[in-house]
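Scope of the values below: all heavy atoms of this structure, side chains included, with no hydrogens, waters or symmetry mates. Order of appearance sets the numbers: ligands from 1, and atoms from 1 within every ligand. The shown structure was predicted, so the numbers you read here are calculated from the model rather than taken from an experiment.
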Amino acid sequence: MQKTILITGGAGFIGSHVVREFVNKYPNYLIVNVDWLTYAGNMENLQDIENKPNYRFEKVDITYQKEVEALFEKYQVDGVIHLAAESHVDRSIANPMAFIMTNVVGTVNLLNACRHAWKDALEGKRFYHISTDEVYGSVDHGEFFVETTAYDPRSPYSASKASSDHFVRAYHNTYGIPVVISNCSNNYGPNQFPEKLIPLSINNIRNNKAIPIYGKGENIRDWLFVIDHARAIDLIYHKGTSGDTYNIGGNNEWTNIDLIHLLCEVMDEKLGRKKGSSAKLITFVKDRAGHDHRYAIDSGKLQRELGWSPSVTFEQGLEKTVSWYLNNQEWIDNITSGSYVKYYEDQYKDR
Ligand code: NAD
Ligand code: DAU
């Protein structure tokens with residue numbers, strides 16, 4: 001094999017699409033998926049590639065230094081694409097410590113392992129940290145996050161991601177580790193855990209359950225189809241400048257309420273329901289604490305320097321997403337049976 005790349009969080013939503021992209025596109029790379037399989041990790045996401053000769057799976061909790069060190073003893077690691085994280089803002093409000101452990105301590109454990117393994121040969125090595133636009137905080141109308149926007153994280157989740165970004169840059173500056181960071185907007189698409197707005201709403205509509213909209217539904221997010229994020233990650237891993245940051249976004253802003261109305265229309269059509277019937281499920285509930293009003297990414301640098309642009313419109317991406325969920329009802333039923341029931345009750349009972 002030409003290279004060995006560890007992809008952390010490869011059993012999660014975005015990670016599984018990145019693993020698939022790399023395993024299929026680079027048969028000469030050994031791709032090692034490093035995942036602790038928390039509630040968000042799901043091996044079903046990777047059934048189509050799990051028997052490929054250039055794929056391995058390692059069940060490792062990145063918060064354990066010894067486990068991470070053992071990985072680097074087992075493999076001659078050339079690169080790390082780091083996606084493993086606690087990723088849901090509402091869970092970070094309920095339990096911040098898990099976010100500090102995985103997102104901060106876990107990232108530093110990986111950086112330390114790279115520092116030691118690569119101490120005599122940094123040539124050709126790369127640590128790629130996958131981060132979020134939420135580190136920049138909330139932005140006023142008409143303004144956009146660029147790579148130099150000052151950090152202003154406002155939830156425990158975004159504070160933990162901002163902290164890990166700072167550690168990645170500090171290891172580049174102090175120890176010379178070749179790093180690259182990207183900060184992406186909201187992803188949607190197949191295999192997303194149904195705690196996030198779009199898959200949760202699809203699942204609730206399918207089951208004729210209320211669609212909970214926080215506050216007045218006026219918050220704005222910039223949505224990107226997950227496959228386009230995976231394509232950007234491939235480009236940045238191979239062509240991004242060491243030490244640089246790249247913003248990734250869909251240039252596709254929606255208020256939550258407008259997005260849900262569009263989703264309801266798609267669902268009515270796909271389920272053969274009377275027009276307007278899904279929208280009747282929309283229910284305004286208590287707002288998220290500290291709810292950021294608007295995220296908006298300027299991905300001009302990535303477009304100019306590396307030639308990336310999204311490949312699908314939002315309407316196309318949403319149609320593909322809804323079709324995937326309706327064609328993979330077993331996937332979502334498996335996830336929403338066990339501990340999800342308790343999560344949902346706890347999360348939505350006082351709203
Ligand atoms: P996800 O929650 O779907 O998956 C996270 C994965 O990390 C899971 O497979 C989980 O098992 C694994 N994991 C969690 N803790 C671990 C630990 N201690 N050790 C090893 N593995 C562990 O997350 P996602 O939505 O796919 O996000 C992936 C990355 O992309 C995260 O770093 C997130 O911050 C970032 N990001 C996400 C979005 C988005 O919209 N989802 C947008 C921008 C950036
Ligand atoms: O911007 C990138 C970030 O996008 C990622 O870093 C995070 O990992 C990812 O979870 C996502 O964060 P958000 O908080 O924006 O995503 P979520 O799907 O949880 O919420 C999207 C919007 O919808 C947000 O304004 C809150 C609202 N919402 C969410 C849920 C779950 C509701 O109105 N009702 C809900 O039930």
Side-chain angles (χ1 to χ4, degrees), residues 7-19 33-43 45-46 58-64 67-68 81-93 98-99 101-103 105-107 109-110 129-136 138 145 155 157-158 160-161 164-165 182-189 191-201 204 210-224 226 229-230 233 248-249 254-257 259-260 282-288 291-297 344 347-348 351:
I7 300 185
T8 71
F13 165 47
I14 303 170
S16 60
H17 290 280
V18 176
V19 166
N33 173 11
V34 178
D35 200 298
W36 182 235
L37 298 181
T38 67
Y39 77 91
N42 187 344
M43 294 304 272
N45 294 349
L46 292 163
E58 295 285 348
K59 185 164 189 267
V60 166
D61 180 350
I62 59 166
T63 68
Y64 284 94
E67 290 191 22
V68 174
I81 304 180
H82 176 36
L83 297 107
E86 288 291 338
S87 69
H88 190 39
V89 174
D90 291 325
R91 289 186 195 253
S92 83
I93 295 167
F99 287 69
M101 290 309 295
T102 291
N103 300 0
V105 176
T107 301
N109 278 337
L110 288 162
H129 183 55
I130 307 301
S131 192
T132 170
D133 62 356
E134 299 198 13
V135 299
Y136 300 121
S138 189
F145 301 133
S155 73
Y157 164 69
S158 54
S160 69
K161 293 296 289 187
S164 56
D165 289 7
S182 58
N183 297 81
C184 189
S185 64
N186 285 61
N187 284 215
Y188 69 98
N191 306 96
Q192 187 169 30
F193 193 87
E195 64 191 351
K196 310 277 165 56
L197 179 66
I198 291 181
L200 181 143
S201 303
N204 284 15
I211 309 167
I213 302 293
Y214 298 165
K216 295 182 179 154
E218 287 167 354
N219 303 68
I220 296 168
R221 298 291 182 264
D222 168 7
W223 294 91
L224 179 69
V226 64
H229 190 187
I233 290 172
I248 312 172
W254 288 80
T255 61
N256 294 335
I257 189 67
L259 185 160
I260 291 301
I282 292 174
T283 309
F284 293 96
V285 299
K286 190 174 149 204
D287 210 350
R288 172 184 280 175
H291 197 172
D292 283 338
H293 180 66
R294 174 172 172 259
Y295 303 141
I297 275 273
Y344 199 93
Q347 186 58 42
Y348 291 95
R351 288 192 184 273

How far is [atom] from the closest protein heavy atom, and which atom is that?
| atom | result |
| --- | --- |
| atom 26 (O) of ligand 1 | Ile14 N, 2.8 Å |
| atom 5 (C) of ligand 1 | Ala85 O, 3.4 Å |
| atom 8 (O) of ligand 2 | Ser87 O, 2.7 Å |
| atom 1 (O) of ligand 2 | Asp133 OD1, 2.5 Å |
| atom 4 (O) of ligand 1 | Gly12 CA, 3.5 Å |
| atom 11 (C) of ligand 2 | Asn186 ND2, 3.4 Å |
| atom 19 (N) of ligand 1 | Ile62 N, 3.1 Å |
| atom 33 (O) of ligand 2 | Tyr214 N, 2.8 Å |
| atom 18 (O) of ligand 2 | Leu197 N, 2.8 Å |

| Is Lys161 in contact with ligand 2, taking contact as a heavy-atom separation below 4.0 Å? | no

Report yes if [X] has an N/O atom closer than 3.5 Å to an N/O atom of ligand 1; otherwise report no.
| X | answer |
| --- | --- |
| Ser87 | yes |
| Tyr157 | yes |
| Thr102 | yes |

Counting heavy atoms only, which of [options] is nearest [atom]?
| atom | options | value |
| --- | --- | --- |
| atom 24 (C) of ligand 2 | His291, Gln347, Glu195 | His291 |
| atom 25 (O) of ligand 1 | Tyr64, Tyr295, Trp36, Phe13 | Phe13 |
| atom 44 (C) of ligand 1 | Ser131, Cys184, Gly9 | Ser131 |
| atom 40 (O) of ligand 1 | Asn103, Asn33, Asn187 | Asn187 |

Is there a polar contact between ligand 2 and [X], counting only N or O atoms under 3.5 Å apart?
| X | value |
| --- | --- |
| Arg288 | yes |
| Ser185 | no |
| Tyr348 | yes |

| field | Location of contacts on Glu134 toward ligand 2, heavy atoms closer than 4.0 Å | value | side chain

| query | Considering only heavy atoms, does Ala85 approach ligand 2 within less than 4.0 Å through its side chain, its backbone, both, or neither? | reply |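 It is neither part, as no heavy atom is under 4.0 Å.
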
Touching ligand 1 at all, [X]? Heavy atoms, strictly under 4.0 Å?
| X | answer |
| --- | --- |
| Gly106 | no |
| Tyr188 | no |
| Asp133 | no |
| Ser16 | no |

Give the atoms of ligand 2, by number and element, whose distance to some non-hydrogen atom of [X] is under 4.0 Å.
| X | result |
| --- | --- |
| His88 | 19 (O) |
| Pro212 | 32 (C), 33 (O), 34 (N), 35 (C), 36 (O) |
| Asn219 | 25 (O) |

| query | If you count the atoms of ligand 1 from 1 in the order shown, which ones are under 4.0 Å from a heavy atom of Leu37? | reply |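 Ligand 1 atoms under the 4.0 Å threshold to Leu37: 11 (O).
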
| query | Aromatic rings Tyr214 and His291: how do their planes relate, parallel, tilted or perpendicular, breaks at 30° and 60°? | reply | perpendicular

| field | ligand 1 contact on Met101 by region, counting heavy-atom pairs under 4.0 Å | value | neither

| query | Do NZ/NE/NH1/NH2 and the carboxylate oxygens of Asp35 and Lys59 come within less than 4.0 Å? | reply | no

| request: Run the salt-bridge test on Glu86 and Arg91 with the 4.0 Å N-O cut-off and return the result as yes or no. | output: no

